[in-house]
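Some notes on the structure that comes next.
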2 protein chains.
Amino acid sequence: MTTIRDVAKKAGVSVATVSRFLNSTGYVSQEAAAAVTAAVAELQYELNPVARSLNTKKSNLIGLILPDITNPFFPELARAVEDVALSYGYTVILCNSDEKPEKEKNYIETLKKKYIAGFIVASNQLDAPHYANANLPIVALDRAINEKIPTISSNNKEGAILGTKALLDRGCKNILFLRGPEELNPANDRYDGFMETIQQTDVNFRVVFCPFHFADSQEIAEQALRDDPSIDGIFASSDVSAAGALKAASLLGIAVPDALQVVGFDGVALGEMLTPGLTTVAQDVYKMGAIAARVLIKRIENQEIEQHFYQVPVKLVIRGTTRSVTE
Amino acid sequence: MTTIRDVAKKAGVSVATVSRFLNSTGYVSQEAAAAVTAAVAELQYELNPVARSLNTKKSNLIGLILPDITNPFFPELARAVEDVALSYGYTVILCNSDEKPEKEKNYIETLKKKYIAGFIVASNQLDAPHYANANLPIVALDRAINEKIPTISSNNKEGAILGTKALLDRGCKNILFLRGPEELNPANDRYDGFMETIQQTDVNFRVVFCPFHFADSQEIAEQALRDDPSIDGIFASSDVSAAGALKAASLLGIAVPDALQVVGFDGVALGEMLTPGLTTVAQDVYKMGAIAARVLIKRIENQEIEQHFYQVPVKLVIRGTTRSVTE
DNA sequence: CTGAAAGCGCTTACAG
DNA sequence: CTGAAAGCGCTTACAG
């Protein structure tokens with residue numbers, strides 16, 4: 001392995017000069033710079049990041065803390081984070097927290113020992129003290145912990161308004177809203193958007209809590225549809241829940257979209273694979289991840305960041321679970 | 001930050017003794033051990049992994065190289081790897097390679113500089129020289145590069161036999177096999193299983209290449225079904241392809257499972273969300289990932305490993321895209 | 001603009 | 001069984 005010492009010797013300068021040149025810190029004469037450049041090229045020298053970390057107490061590792069990569073929302077997010085990280089020379093460590101504070105805390109502590117540069121956190125435990133005390137650059141997804149931590153989220157309320165209107169515009173007169181978990185900020189924003197929109201009309205509606213889980217959603221939807229067969233529209237707070245609702249409808253022999261229209265939320269790949277294809281409010285998950293990574297890296301590198309809250313636009317994707325607009 | 005030096009001072013021994021004790025390398029007297037233990041506890045000392053890495057040229061990082069975490073097969077694999085890694089004190093770095101040799105090579109090189117402990121590789125580029133020359137513990141998924149590298153895979157051939165028989169047992173007389181990419185070992189094993197089984201019968205069949213991609217699969221299946229409307233069974237080499245085939249059938253107005261039965265391969269969550277639910281040959285993806293991680297860690301720690309090839313069993317999951325068995 | 005030297009926090013022959 | 005010392009490969013005041 002060739003070290004900075006070898007480079008210094010070959011270039012005829014001190015290691016300090018080589019280091020300063022390589023890190024563009026401090027002045028280096030033209031000649032010295034040229035000599036070092038040549039020596040580096042000739043020896044194919046590459047800096048040892050571990051040795052550097054030991055000094056600077058910083059690495060180019062970033063931690064991505066999320067509940068569970070298995071949840072269809074997260075792979076695309078992880079992909080975006082990794083793409084951006086890679087392009088800036090960072091490496092990402094995957095941390096599945098299962099929303100457990102001890103797991104998160106544990107990750108933060110063991111990674112701090114590795115001088116991790118920062119964290120991107122997509123978790124509900126964000127208000128736990130281990131984040132506030134982490135003393136490290138952090139960027140949050142979907143949940144603001146405090147003003148100091150930049151947050152990226154979709155425009156969930158706007159999305160819910162779009163989704164609700166989609167059902168209204170298509171003639172639904174009795175809408176079931178599958179509301180997501182109460183602890184989830186985005187789910188609550190979606191709820192607000194739905195309520196605000198529906199209450200401006202005289203359309204019937206009911207709201208039911210429903211986890212973002214397929215089998216549970218199916219059961220809850222089935223129950224609701226049995227209770228009230230006149231339901232003619234379902235707005236689910238997630239695509240997985242929408243898939244559950246579709247399954248329930250099929251089991252009950254309810255025709256979609258003729259007798260029942262369904263709109264999901266997320267824009268996950270699953271939606272297009274269903275039959276009929278799921279009409280949904282699509283988030284730009286990749287973009288969220290990319291922004292999160294970019295903002296984190298800016299913070300790590302002490303660059304200015306323009307804003308602390310990023311709202312990524314959302315859009316309605318019309319597929320087969322809704323009919324054409326009625327006049 | 002408290003260092004090994006502080007511990008040594010408090011315990012009244014040298015840092016060498018502390019280090020030896022902590023790493024259980026070399027002899028340490030009872031008294032010294034006790035003193036160190038007490039000092040460590042009192043100071044809440046934790047070893048600095050970066051400083052250690054610099055000396056030992058090893059870290060507890062493991063790299064997971066896969067084509068794209070966005071492909072529904074991989075999140076569960078990644079989850080398993082991470083779970084096992086965590087329980088043994090390792091941390092996993094996510095590397096999306098897009099099957100590009102340069103990307104893989106680049107990852108390997110930059111991570112080697114970080115003294116990465118080993119790699120788990122789920123990629124088709126495994127025969128590229130950068131693996132053979134990596135000079136690091138590697139475990140492969142689904143593809144053997146050479147005898148030195150342990151490999152974990154599903155029993156793909158057996159699975160294909162199961163899937164084919166499922167169609168045969170249910171009366172299919174004209175089967176379309178959606179064969180996966182030619183470069184993919186598992187896809188070829190599935191093909192072999194299919195061929196072996198079907199050729200023992202006088203049932204009509206045809207084979208078509210088909211990438212593991214939804215829209216492409218849909219198109220290919222649609223074309224095939226148009227060409228030959230008498231097809232009454234489709235065996236797809238992946239669940240995503242099966243989903244594409246189902247979509248095609250629905251578009252063409254072909255009733256599943258009455259006029260057409262479909263069997264997938266993978267056992268991905270998507271399968272149960274489809275309507276009707278997808279009958280499929282399920283792999284135990286989590287188990288594959290867990291074994292891969294366990295084997296890699298054994299190699300890293302120079303433990304014996306029992307075998308070099310692990311075949312994880314596969315099982316047939318019957319859902320709604322097939323009928324009941326005919327006599 | 002540059003170099004000698006100390007230091008980051010550990011490990012590991014080596015001598016005793 | 002144990003300690004002094006060198007070393008892992010870099011960075012960073014400090015003095016010049």
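Reckoned from all heavy atoms, side chains included, excluding hydrogens, waters and symmetry mates. In what follows, every chain begins at residue 1, and chains take the letters A, B, ... in the order their sequences are listed.
With sequence neighbours excluded, no residue satisfies side-chain hydrogen bond (donor to acceptor under 3.5 Å, both in side chains) with N96(A). Qualifying side-chain contact (heavy atoms from CB on, under 4.5 Å) partners for A34(B), counting only residues two or more places apart in sequence or in other chains: none. Looking at residues two or more places apart in sequence or on another chain, you find no side-chain contact (heavy atoms from CB on, under 4.5 Å) involving Q44(A). Residues passing the side-chain hydrogen bond (donor to acceptor under 3.5 Å, both in side chains) test with R299(A), sequence neighbours excluded: none. Among residues two or more places apart in sequence or in another chain, the salt bridge (charged side-chain N to carboxylate O under 4.0 Å, His left out) test is passed with K287(A) by none. A search for side-chain hydrogen bond (donor to acceptor under 3.5 Å, both in side chains) contacts involving E46(B) returns K113(A), not counting sequence neighbours. Under the side-chain hydrogen bond (donor to acceptor under 3.5 Å, both in side chains) criterion, N55(B) pairs with no residue, sequence neighbours left out.
You'll find that the side chain of T3(B) is closest to dC10(C), out of dT2(C), dC10(C), dT11(D). The side chain of Y45(B) sits closest to dC10(C) out of dT11(D), dC8(C), dC10(C).
Among the heavy atoms of the strands lying under 4.0 Å from S19(A) is at least one base atom, whether or not backbone atoms are also near.
Phosphate proximity of dC8(C) to N48(B): absent, as no side-chain N or O sits under 4.0 Å from OP1 or OP2. The side chain of S53(B) contributes no N or O atom lying less than 4.0 Å from OP1 or OP2 of dC10(C). A close approach under 4.0 Å does not occur between any side-chain nitrogen or oxygen of K58(A) and OP1 or OP2 of dT11(D).
Spacing between atom CG of D6(B) and atom C1' of dG9(C) amounts to 10 Å, rounded to whole angstrom units. As rounded to whole Å, 6 Å separates atom C1' of dC10(C) from atom CD1 of I4(B). Regarding L54(B), its CG atom lies at a distance of 12 Å from the P atom of dC10(C), rounded to whole Å. Regarding N23(A), its CG atom lies at a distance of 10 Å from the P atom of dC10(D), rounded to whole Å. Residue Y27(B) contributes atom OH, which lies 14 Å from atom C1' of dT2(D) at whole-angstrom precision. When the C1' atom of dC10(D) is taken as reference, atom NZ of K57(B) falls 12 Å away, rounded to whole Å.
The main-chain N or O of I149(A) is found under 3.5 Å from a side-chain atom of T151(A) such that the two form a donor-acceptor pair.
Annotation: proximity of residues 105-118 of chain B to DNA chain C (heavy atom, distance under 4.0 Å) is found for no residue.
A donor atom on one side chain and an acceptor atom on the other are not found under 3.5 Å apart for N60(B) and Y115(B).
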Can you run through DNA chain D from 5' to 3' and write each base as (, ), [, ], | or . depending on how it pairs? Watson-Crick or G-U wobble, both distances under 3.5 Å.
|||.||||||||.|||
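Where Q30(B) and R52(A) meet DNA chain D, the nucleotide closest to each residue was compared, and Q30(B) sits on the side nearer the 5' end. For the pair T56(A) and A33(B), both in contact range of DNA chain D, the more 5′-proximal nearest nucleotide belongs to A33(B).
Sorted by first and then second residue, the pairs that involve residues 69-94 of chain A and meet salt bridge (charged side-chain N to carboxylate O under 4.0 Å, His left out), not counting sequence neighbours, are R79(A)-D83(A), R79(A)-D68(B), R79(A)-D98(B). Listed by first and then second residue, the side chain to side chain donor-acceptor pair (under 3.5 Å) pairs involving residues 24-41 of chain B amount to none (not counting sequence neighbours).
Salt-bridge formation is not detected for the pair K298(A)/E304(A): no Lys NZ or Arg NE/NH1/NH2 atom is positioned less than 4.0 Å from an Asp or Glu carboxylate oxygen.
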Under-3.5 Å N/O pairs linking protein and nucleotides 3-7 of chain C:
unit_1, atom_1, unit_2, atom_2, d
dG3(C), OP2, S14(A), N, 3.0
dG3(C), OP2, S14(A), OG, 3.1
dG3(C), OP2, T17(A), OG1, 2.7
dG3(C), N7, R20(A), NH2, 2.9
dG3(C), O6, R20(A), NH1, 2.8
dG7(C), N2, N55(A), OD1, 2.4
dG7(C), N2, N55(A), ND2, 3.3

